[in-house]
**Student:** 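Below: one structure in structure tokens.
Counting starts at 1 for both ligands and their atoms, in listed order. In this text the structure is predicted, and so the values were computed from the model without any measurement.
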Amino acid sequence: MSRPKIRLHVEHPLSAGQTVDLSRDQANYLFAVMRLGPGDGVALFNGRDGEWRASVAQAGKRAGVLSVETQTAPQQDPPDLWLLFAPIKKARTDFIVEKATELGAARIMPVQTEFTNAERIRRDRLQAHAVEAAEQCGGTYVPPVDDLARLSDVLADWPADRQLVFADEALVGAKRALSDAAPDVTKWAILVGPEGGFSEAERARLRALPFVTPVSLGPRVLRADTAAVAALTLWQSERGDWR
Ligand code: SAH
């Protein structure tokens with residue numbers, strides 16, 4: 001049986017014999033846009049139960065039912081890595097959420113820093129971007145996107161057993177890599193600042209915290225969205241699930 005081309009995220013529990021009622025949007029997408037009909041295959045995942053092959057049992061204009069058949073991939077969660085980033089312009093923030101999902105972040109945490117312009121975010125929109133990214137990249141996990149929180153509050157509440165990789169633009173060009181930091185720690189996070197960078201007060205506070213490892217991302221100053229991708233890539237290849 002060929003692998004279904006369409007992957008869909010659903011909230012429903014997935015196991016053999018289950019039926020899944022489609023939302024209006026999903027029915028529209030499968031039957032009006034993608035032109036699927038009864039018997040056609042769809043790959044489903046819900047972020048918990050791996051990937052399943054399902055087939056169309058009923059197809060309507062505004063509704064439909066899928067019938068779940070067999071598991072095609074086990075659940076694969078990313079390493080325990082959070083991405084903290086300062087929201088920037090809308091399209092670039094969307095990009096960061098999409099790339100963090102593809103690159104395997106376990107949790108996405110928008111944080112407000114001193115030089116962050118955005119006062120609010122559309123959490124639901126960003127979450128939808130994470131779902132879409134997981135659908136297209138073949139992942140079975142969708143990272144939760146948190147509400148915007150102040151960086152200072154997040155740091156005040158920080159769990160002692162989690163290391164924070166601080167992408168510090170003041171280290172541009174320095175040889176401060178991640179390689180040797182905290183070899184036994186399995187819980188990690190990455191912090192990337194806004195276009196304006198971090199304030200001196202933020203930098204001093206971060207550098208003084210015992211769980212923080214400041215790193216350089218090379219000899220050039222990267223834009224915030226590039227920095228997020230670079231830092232995730234660096235961590236995944238040295239510490240994460242690319243090894
Ligand atoms: N306006 C700042 C740069 C901000 S770049 C300045 O001119 O100094 C946005 C964010 O990307 C930074 O806060 C930092 O987290 C990250 N970043 C960009 N380039 C970096 C580098 N070479 N090393 C470490 N972090 C970097």
Side-chain angles (χ1 to χ4, degrees), residues 78-121 126 129-130 133 143 145-158 162-182 185 187-240 242:
D80 193 349
L81 174 66
W82 300 350
L83 175 68
L84 282 68
F85 75 100
I88 41 179
K89 285 201 196 93
K90 188 165 150 287
R92 289 180 184 272
T93 299
D94 292 351
F95 175 92
I96 290 176
V97 169
E98 180 182 295
K99 299 311 157 199
T101 305
E102 291 176 40
L103 293 166
R107 179 178 178 189
I108 298 175
M109 301 168 69
V111 289
Q112 195 166 16
T113 63
E114 281 186 45
F115 299 150
T116 302
N117 308 325
E119 306 249 302
R120 62 181 75 87
I121 53 159
L126 294 179
H129 276 289
V145 180
D146 289 12
D147 265 325
L148 186 63
R150 276 180 214 281
L151 176 64
S152 54
D153 294 343
V154 173
L155 292 176
D157 258 358
W158 195 261
R162 186 175 295 272
Q163 281 286 313
L164 179 61
V165 177
F166 164 38
D168 183 357
E169 70 273 5
L171 292 176
V172 61
K175 296 273 178 279
R176 286 292 287 282
L178 177 59
S179 349
D180 309 322
V185 174
K187 298 179 179 180
W188 285 83
I190 289 170
L191 170 64
V192 172
E195 295 302 349
F198 291 96
S199 73
E200 277 314 317
E202 284 173 328
R203 177 167 296 110
R205 179 176 183 197
L206 282 160
R207 286 184 174 180
L209 290 168
F211 51 81
V212 168
T213 303
V215 297
S216 166
L217 297 176
R220 288 161 294 271
V221 177
L222 309 177
R223 294 191 76 138
D225 46 351
T226 318
V229 170
L232 286 161
T233 304
L234 178 71
W235 190 90
Q236 286 289 24
S237 64
E238 287 197 7
R239 294 298 176 91
W242 297 15

**Student:** CH2/W235 to CG/L178 distance, rounded to the nearest 0.5 angstrom?
**Tutor:**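 If we round to the nearest 0.5 Å, W235:CH2 and L178:CG are 8.5 Å apart.
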**Student:** Give every residue pair that meets the side chain to side chain donor-acceptor pair (under 3.5 Å) criterion with at least one member in residues 222-231, sequence neighbours excluded.
**Tutor:** R92-D225
**Student:** List in chain and number order the residues that pass ring-ring contact (aromatic ring centres under 6.0 Å, His included) with F211, two or more places apart in sequence or in another chain; answer none if no residue qualifies.
**Tutor:**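 Testing F211 for ring-ring contact (aromatic ring centres under 6.0 Å, His included), a comparison that skips the adjacent residues, returns W158.
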**Student:** Under the ring-ring contact (aromatic ring centres under 6.0 Å, His included) rule, collect the residues that match up with F85, sequence neighbours excluded.
**Tutor:**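 Per chain and number, F85 pairs via ring-ring contact (aromatic ring centres under 6.0 Å, His included) with no residue.
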**Student:** Kindly indicate, with the supporting measurements, whether the criterion side-chain contact (heavy atoms from CB on, under 4.5 Å) is fulfilled by I96 and I108.
**Tutor:** CA-CA 9 Å; I96 290 176; I108 298 175; 5.9 Å; no
**Student:** When you look for protein heavy atoms under 4.0 Å from ligand 1, which residues do they belong to?
**Tutor:**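 These residues qualify: A167, D168, E169, V172, V192, G193, P194, E195, G196, G197, F198, V215, S216, L217, G218, R220, V221, L222, A224, A227.
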**Student:** Quick one: do R203 and E114 make a salt bridge, cutoff under 4.0 Å?
**Tutor:**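 No, R203 and E114 are not salt-bridged.
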